[in-house]
Structures are given as structure tokens and as C-alpha cells.
Amino acid sequence: MSRYNARVVEPKWQQAWEQANVFKAEPDTTREKYYVLEMFPYPSGRIHMGHVRNYTMGDVVARYKSATGLNVLHPMGWDAFGLAAENAAMDKGIHPATWTFQNIADMKDQLKPLGFSLDWSREIATCHPEYYRHQQAMFIDMMDKGLIYRKNAVVNWDPVDMTVLANEQVEAGRGWRSGALVERRELTQWFFKISDFSEELLGALDGLDNWPSKVRLMQENWIGKSRGLQFSFERTDGGDPIEVYTTRPDTLMGASFVGISPDHPIAKAMEAENPDLAAFNIEARKGGTTEEAIETAPKLGFDTGLKVRHPLNPDWEMPVWVANFILMEYGTGAIFACPAHDQRDLDFCRKYDLPVIDTFFALDDATPVANTAFVPPKTDTVQWIDHFAGLDQATGQDAVDATIEFAEKAGWGKGVTNYRLRDWGLSRQRYWGCPIPVVHCPSCGIVAEKKENLPVELPQDVTFEMPGNPLDRHPTWRDVPCPSCGQAAKRETDTMDTFVDSSWYFARFTSPRADTPTVMADAQYWMNVDQYIGGIEHAILHLLYSRFFARAMNLTGHLPDTAVEPFNALFTQGMVTHETYATEGKGGRPVWRTPDEVVLGDKGATLRETGEPVEIGPIIKMSKSKKNVVDPEDIIDQYGADTARWFVMSDSPPERDVEWTASGAEGAWKHLQRVWRLTDEISEQGDDGAVDVALEKATHRAIDEVTKGIDGFAFNKSVAKLYEFTNALAKSSASGGPRRKAMRTMAQLMQPMTPHLAEEIWQTLGGDGLVTQAAWPIADPAMLVDDTVTLPIQVNGKRRSEIMVPKDMPKEEVEKLVLADDAVIKFLAGAPVKKLIVVPGRIVNVVV
RNA sequence: GCGGGCGUGAUGGAAUGGUAGACAUACCAGACUUAAAAUCUGUUGGGCCUUGUGCCCGUGUGGGUUCGACUCCCACCGCCCGCACCA
């Protein structure tokens, strides 16, 4: 008997696939296509179990769809720009390009042994000039279409590293690397006009039926549409009126004061003559952006001394306060406060002793507001005390609509729709990113680079010993003639946010070597991505930016109208988790230990080398910092790729986290070995022409259920059905012929998950060609039904007995059999039957 | 605070209105073995007794709808995720 040796078998089949070129995708308009894509990886240099799970899911889909006859595109590339390469350059003195390309090579070496059905001929890396030159070309096209502009924006500035920091790089107000206090600094930055698409991006979410509703909801909230009234308050001193925006104009009679942001032009203008206000504003702007900071930040206010008149009653004057909770970026940067119906306003008014005026009550309770604002859902009907638009009882929503109409008719306000979504700032003051192809000319101003001069390539000769952007201090790179007038000019030194790179790579995959960003015919054929698979962490930014970019590419002629919504179906997979292990270090602080270092025994865990006790911690996402990682390479060395693939597909539903356990991996391996032993045993049996109905039925049930599992993204169920099928086949007393046939079907059904073992079985049992290229088996509906069924019998909803009946026995006869059943007679105890429910083929319920 | 999700044996999970616990892991017992590993077979939600084709209880808690509820509805408890001073 031969033992299955994955180390020999797996490379053999990978070579066979490569030689037969089976994963190469060619457009073929006579065939229906299927584009499956997993979010491409950042080339950190090491693959991890999360990658294995993500890419195995995509591979299962790709291999299955291919077997069903579709022309599958399943490409792979690298999200290769980004900060980590610059950090490596600073830490180790390696050039970002060297570091990145080495990592790509290393990761490719680690990925290949997993046997994914990838078309490597379409590989792309976003840091390659052959990729980013097209990004630059599209940038220029988008500039021409008015989709890109420049404006001042506040950034986190690290004065020591002389660089802009992302929000997550600011820790407790300090730069994560330098430790310097971070400053807010205004810089002129480039922006995509994504806000022009707010309504479009929101409305189109409705059509994304095959996206998780969770993701759609997150995007909806992120876009944050609201409808309200914009109007202005006249000032008693005759100064510029204060324009406010409110979503609750119906509460205008409950106004207590007008609040403006510390960044509001009026507040800023007053700083000059009012040092107290200037000091207040500095304090108010400080507030951190962390969760706790916001939750615990006290509501602070400063009375400007200004007064405004109520728009409906000129005799009603109210004060203007600067308040730290009002954002300049949203609405008009100014509000009117209605403390009776807004908790935040109420807290503020109680603190500064401002009036609180009720405007409506619940229908059954007219108690004035004390310290809890009355904020019913907008759909609730409430009673109004004195509504200026003449309402007595109405829902909040109706009142808002009526008020907007009233104000518009009276001419003192207008209905306005606001969105939370802000324009996408794409400037990064960094080296390792796509250069923005723009030149600053002293006479012509901002001029786009000529397309024939693309790519604007990153200079190779840069150093990272000094802080700041290497492009800024490069001796010659910036110096170029103006593309328009030819006189000496300077290049833009900002590079693009790496989210730009990942916003169109899926389109580039459709024609990865073309001279233009895309080729219409190819995009027309391959787009959209039929199944996109990736992490939930990209639910908002990456997916929203990509949806915007597809529209922008369409407007600039780079994508067809049919591809503005680029991902037909989205699946977000769970993480791979593992127990954490720690020994006690100095001062009781945990010293994290890798699973390799730990032995799990009956009396708890101990350290392999010293026997020191080990504390078993919570099961969390595999991460380097907690050392709870299992290296896919080690698993492949020990068990082979198929075991790793099988394990990550089994047990947990794919959208949930899966816990990696040594025993689980071992179990997966044992099962594959068992399937092989069974194959071996069958191969020694003769190939007779016998027929075994029971085994045939089991086979068709397996085909049916495994297929349903894959179709429904329930790979764990497919795996369970394959276990069942294996058990059935192992126990079957059928002769060699039927068993051989069943095992060949097993190989086909296993192929998407464990392709190497499947090929080996297929070959051993005389399958034709490669199982990877074999047509997916189809279940015969006639084989899925049994002639007799077991009907459970319930008495008053409790299962008491069961009967075997032919599957299509008429109801009346079933009823007779049921009433004659011993157990039924016993439980009826002579009581009359009130009702007899027969669900054909399923169940019978006798009600007394 | 707002929005969303989840809660089933020792464990991962299955069952989306019709026999709760498929399948797997772990554990235990048996076979094989000098022994161990591997493999194979079997048991395993809890309780009760009269040990049966037995009875009672059981899907976070309490209620409701239904002939029938893990599944649908209401309230509560717990955990997880996302967003957040958005006017």
C-alpha cells in the first residue's frame, strides 16, 4: 500500500498545470466569462494564514466555475506602494524598490506551492512604472474633466520627521516614530471630487444585491445623507448674517442660542480683538479624535456677546456662542440650539444657564423637559405646543417637511441636502507612491505633464537618512521645463495615496500589458468582477473609492458604461485566529510565546524548553505582536498545501473567524490520508461493470450538496458533505466498479479544495486528462429521492413514533396508518383527534 | 450616543417553520500491537427509573404567534463589530 506524500505529489501536479497552461485566461466572446478576484496583498514579505484562507476561497470559486464551463479570469498582483517600504529604508538602509521587489519574489515563492489556479501571466505590481504610468495618464484625464482640484486642508504634521502623518500614526498627540508633538498644519493638497458623486454612490447601493447588507449599510452611513433647512440669523450689530443648517427646522420655536464653530470666520475674525476668545479657540481646537476623547470631552462654550434676531419674531434676540462641538466642515459651521430636543444642546444650556423651551410633547405626556432631552423617533406622532406652520399633531418627519415648505414659501430659508462624505484627499508627502504628474510653472501655474512624457518616474538615487520627503530635496528631479511654455519649472513632489493604486487594479487585470490603462474590448468582456473576496476592514474606503474611480474612469473613457459598479458580488471573509500564550516577564508583564514554543499538556500549557508554566490567553486574530501565528510554510512542509486548504475551508462558515488549532490541522491531514488509503484499496479492486444503487444515490446526494455549498459560499457544509460521502464510500460493500466510479466523483468534488490530491486520485483511478479540467458532475434529481420515507409522528407537537411509507402515499392512507400506530393509540388514550396534520414526506402531527 | 450582528453539547458548528445537535474536534472504551504511534469499531446534551422502539427537561432569559418555534414577533440580559460632537 502506498502512502500519500504531499511533498512529492503537489509539485508534480503544479508542474502539470503549468505545462498545460490551464489557468491562462483568454477572452473568448463565444463563451460566458467569470471574473473572480481576491483583494490583492500588500507585499510584506511573508504570507500568513489569512492569505491562505482568502485565496483558497477564491480558488474554490474559480476552480468550480471553471469546471462548470465558464471562462474564468483569476489574476494576482501586488499592492506595492506604501509606508512600510520607506520604514524599511530608514531602519535597514534598503532602497524601497529593492525591498518591495524582493518581498514580491519571496511571497510569490510562498504562494505558488499552495496550488492556486492563478493566471500569473497577468501579474501586476502597483509600484512598477508600467502600472503607475497609466494611473498618471488617468489622473491627467480626470483633471481635464474637473474631477480633481486643489485646496487647503489641515493635516497632522510631525515637525521632527518633517512629514504628514495619517490619523492612525498619531498616538496620544505624538508622532508614532519621532515622539514629537504633532501640529495641525494647513497644506495645499490634491483632492478627488468624490462628493459630487454622493447621491449616485448612495443610490446605486440599492442595486448591489450580492453585497453583504452590512457593508452597504456602512457605506450608507459613511455617505451620511441628510435633508434640512438652511437659513440665516440677522445680527443686531448689522454684521454679516449667520447662516445655519438644521435637520430639525420644526423646532425653531425652541431655539435657545446660535452656536458657531471655533473655526467659523466670525469666530476667527473676533480673535484679533478678543484675546479670551482666541485662547478659548486654541483650547477648543485641541480636542483629540479618539473615542474616549470625544466621549469624555466636556462641552465648552464662549459667549461672543453678539446677538441675533429670531427669523419669525424680530423682537426675540438670542446670544451667539462659540462651542467646541460644532464642526466647521459640516453644514455651515453654525447651528441654532434646541435644548429641549437635543441632549447635547441641553447639557450645554444647563451648564451655561441658557433657556430651555419645549416645542412638542408626547401625545400622552406633556411634562416639560428637565435634564433629559425629549428626542422621539422622527416617525412618532407628537403634539405641538404652538407650531408656526400651523401643525397640531404630526410626526417629526412631516413637521420637518412642512416647515421647509413653509420657510421656502415665506422666502427666508431653503431646503438643502447635506452629505457627510468629504472629498478624497489624495496627496501624500512621501517618496514611495505614484508621483502626481503635474508641474508648477512660474508663468502658467499648474500644468499637467504631457502624456508622451509619462511615466513621471520616481528617482532611484534617494536617501532616507534625513527627515522629510526625498523628492523635495532631490538635487535635480524637480527641475523640468514647463510642458506648456517650456521655461524652467518645478515638479509636484506629492505622491498619491495608495488607495488610488487599488481603486482600479481590477480593471487593469483585464488588459495588464496594454499601452493604455485599459482596452475597451477587454474591459467590456471581462468586467465586472463577478465575485470579489476580501476583508471586512475594506468595507468603506477601498470599496467606496473603487466605486467612485470606476465612474471617473467611465467619464474619462477608460471603462464602459456597464462597469461603473465594478463588483457584482462581494464576500467578506472572517479572520484566522489562534490562542495566545504568555509567560510572566519582569513586573508581571506578559512575554508572548509562539505556538511552537508551547507544549499543551493535561495540566495546562508549559514552555517546551524550560517547562515554565504558560498562561493561555484569548483567541484573537493571528498577529506578529502577540506571536500567536502559525506560518503557512511550516504547515505546507509538514502536511502539504491540500491540508492547509482543507482546514481553512472546514468547520467555520467563511464569513466568520476560524480558529487555527494544531488538532484541527492534524484532523484535516488524517482525513486526506484516509481518502488516499481508500483510493489505494479501490485501485486494487477489479473494475467490474456492476451497479450499486445505494452508492449511486450517495454519490448524487454528495454532488447535489457539495455544489449547493459552494454556490452558497458555505464551504464548511461542502466539506461536511464530503466527510459524509467518504464515510458512505468506506462502509459501502459494493464491488470495485461502483466504488471506483464513486471515488472519481469524489475527486471531482474535492478538486476545488484539495486539487493535488484530487488529481492523484483521478489519475490512479483512470480519469481522463486532468481533473482540474474535467466538467463538474451534475446530480440526477431522480437519484435524490428515496422510494420510501420515514415519517416522524408527533402527538401534540412531541415526537412519539415513526412509520415507513412509500414516498407518494396518499394522505388518507398515511392518516389510517398513523391512527393505527401503537404508540399513537397509547398517547391518545381514547381521546378524540381534533386535527391531523400530514406534511407529505416530512412529518405527521396528531392533535388531541 | 447612533447603527448592525451574534447567543445551540466540552469545542468548531449543522438544522431558517416540520425528528435539535449533521459533520468534525476532543474525551472515553474496545480491537490490532511486546508497547506506543497510526488505523479500525463503538459511546458521549442533562436528568429519572421500571433499562424501554421508555419518560421528563433542553438552542442566553421571560412572554407571544402556531397543530408544530433554534427558526417568526415583543421585552430583557450578555458578547462582538462599525461609526461618532454630523446640527
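Convention: sequence-line order gives letters A, B, ...; per-chain numbering from 1.
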Legend entry - Electrostatic pair A:D347:A:K351 at N-O distance under 4.0 angstrom: no
Inset, instruction - Answer with base, sugar-phosphate or nothing: what part of the nucleic acid does A:E659 contact at a heavy-atom distance below 4.0 Å? - result: nothing
Inset, instruction - Using the P atom on both, measure B:rA35 against B:rA20 and round to a whole Å. - result: 45 Å
Legend entry - Sugar-phosphate, base or nothing in reach of A:L327, heavy atoms under 4.0 Å: base
Inset, instruction - Indicate whether OP1 or OP2 belonging to B:rA26 is found under 4.0 Å from a side-chain N or O atom of A:K670. - result: no
Inset, instruction - Under 4.0 Å between any heavy atoms, over every strand shown, what does A:N845 touch: base, sugar-phosphate, or nothing? Just pick one. - result: base
Inset, instruction - Ignoring backbone atoms, test whether A:N796 places a side-chain nitrogen or oxygen under 4.0 Å from the OP1 or OP2 oxygen of B:rG68. - result: no
Legend entry - Whole-angstrom distance between B:rG78 and B:rG60, as gauged at atom C1': 7 Å
Inset, instruction - Please tell me which of the listed nucleotides, B:rC23, B:rU41, B:rA87, lies nearest to the side chain of A:K731? - result: B:rU41
Inset, instruction - Considering only atom P, compute the distance from B:rG30 to B:rC23 and round it to an integer number of Å. - result: 24 Å
Inset, instruction - Using the C1' atoms only, state how far B:rA15 lies from B:rC70, rounded to an integer number of Å. - result: 8 Å
Legend entry - A:W646 CH2 - B:rA24 C1' separation (whole Å): 11 Å
Legend entry - Under 3.5 Å on both distances, the Watson-Crick or G-U partner of B:rU51: none
Legend entry - B:rA14 to B:rU53 separation - P atoms, rounded to the nearest Å: 34 Å
Legend entry - Watson-Crick or G-U counterpart of B:rA75, or none if no pair lies under 3.5 Å: B:rU61
Inset, instruction - Sticking with atom P, work out how far B:rA75 lies from B:rA26, rounded to a whole angstrom. - result: 43 Å
Legend entry - Selected nucleotide, minimal atom distance to A:R677 side chain, candidates B:rC67, B:rU39, B:rC85: B:rU39
Legend entry - A:R674 side chain, from C-beta outward: closest of B:rC83, B:rG4, B:rC40: B:rC40
Inset, instruction - Calculate the interatomic distance between A:I843 atom CD1 and B:rA20 atom C1'; express it in whole Å. - result: 12 Å
Legend entry - d(CD, A:Q673; C1', B:rC40) in whole Å: 16 Å
Legend entry - Closest to side chain of A:R344, choosing from B:rU19, B:rC85, B:rC81: B:rC85
Legend entry - Closest listed nucleotide, where the reference is the side chain of A:I837 and the choices are B:rG18, B:rG82, B:rG13: B:rG18
Inset, instruction - Rounded off to whole Å, could you give me the CZ-to-P distance for the A:R216 and B:rC83 pair? - result: 19 Å
Inset, instruction - Please determine, for the side chain of A:K835, which listed nucleotide (B:rA14, B:rU19, B:rC67) has the closest atom? - result: B:rC67
Legend entry - Any A:R420 side-chain N or O less than 4.0 Å from OP1/OP2 of B:rC83: no
Inset, instruction - Among B:rC85, B:rA24, B:rA14, find the nucleotide with the atom closest to the side chain of A:Y723. - result: B:rA24
Inset, instruction - Nearest whole angstrom, please: distance from the C1' of B:rG1 to the CG of A:D342. - result: 11 Å
Legend entry - Separation of atom CZ in A:F827 from atom C1' in B:rU53, rounded to whole Å: 11 Å
Inset, instruction - Classify the side-chain pair A:Q573/A:R53 by whether it contains a donor and acceptor separated by less than 3.5 Å. - result: no
Inset, instruction - Salt-bridge test for A:D786 and A:K697: reply yes if a basic N is under 4.0 Å from a carboxylate O, no otherwise. - result: yes
Legend entry - Polar contact flag, side-chain donor to acceptor under 3.5 angstrom, A:Y245-A:S226: yes
Inset, instruction - Could you tell me which nucleotide pairs with B:rG1 by Watson-Crick or G-U wobble geometry, both distances under 3.5 Å, or answer none if nothing does? - result: B:rC83
Legend entry - Polar side chain donor-acceptor pair, A:D423 to A:S195, under 3.5 angstrom: yes
Inset, instruction - Report yes or no: do A:T577 and A:D657 form a side-chain donor-acceptor pair below 3.5 Å? - result: no
Inset, instruction - Could you check how far CG of A:D657 sits from P of B:rC79, rounded to whole Å? - result: 18 Å
Legend entry - OP1 or OP2 of B:rA87 under 4.0 Å from side-chain N/O of A:Y245: no
Inset, instruction - Under 4.0 Å between any heavy atoms, over every strand shown, what does A:K717 touch: base, sugar-phosphate, or nothing? Just pick one. - result: sugar-phosphate
Legend entry - Nearest-Å distance for atom pair CG/C1', residues A:L836 and B:rC67: 10 Å
Legend entry - Under-4.0 Å side-chain N/O to phosphate OP1/OP2 contact, A:R422 with B:rC86: no
Legend entry - Syn or anti for B:rG47 (syn when the glycosidic angle lies within 90° of 0): anti
Inset, instruction - Please name the residue in the list A:W646, A:F647, A:F725 that meets the ring pair (Phe, Tyr, Trp, His ring centres under 6.0 Å) test with A:H671. - result: A:W646
Legend entry - Watson-Crick or G-U wobble partner of B:rA38, both distances under 3.5 Å: none
Inset, instruction - Please determine if a side-chain N or O atom of A:R799 lies less than 4.0 Å away from the OP1 or OP2 oxygen of B:rC67. - result: no
Legend entry - Side chain of A:D651 - closest among B:rG13, B:rG82, B:rA24: B:rA24
Legend entry - Spacing of the C1' atoms in B:rC49 and B:rC56 (rounded, Å): 11 Å
Inset, instruction - Kindly say if A:N727 contacts the phosphate of B:rA24, meaning a side-chain N or O under 4.0 Å from OP1 or OP2. - result: yes
Inset, instruction - Quick one: label A:Y419 by what it contacts on the DNA or RNA (base, sugar-phosphate, nothing), any heavy atom closer than 4.0 Å. - result: nothing
Legend entry - A:I540 side-chain proximity, nearest of B:rC83, B:rG12, B:rC40: B:rC83
Legend entry - A:R248 side chain near B:rA87 phosphate (N/O to OP1/OP2, under 4.0 Å): no
Inset, instruction - Between B:rU51 and B:rA69, how far apart are the C1' atoms? Round to whole Å, please. - result: 32 Å
Inset, instruction - Could you tell me whether the side chain of A:K721 has a donor or acceptor atom within less than 3.5 Å of a complementary atom in the base of B:rC23? - result: no
Legend entry - A:K621 atom NZ, neighbour heavy-atom count above 12 within 6.0 Å: no
Inset, instruction - Look at all strands and tell whether A:S652 reaches a base, only sugar-phosphate, or nothing, counting heavy atoms closer than 4.0 Å. - result: sugar-phosphate
Inset, instruction - Could you tell me whether A:I536 contacts a base, only the sugar-phosphate backbone, or nothing, with contacts defined as non-hydrogen atoms closer than 4.0 Å? - result: nothing
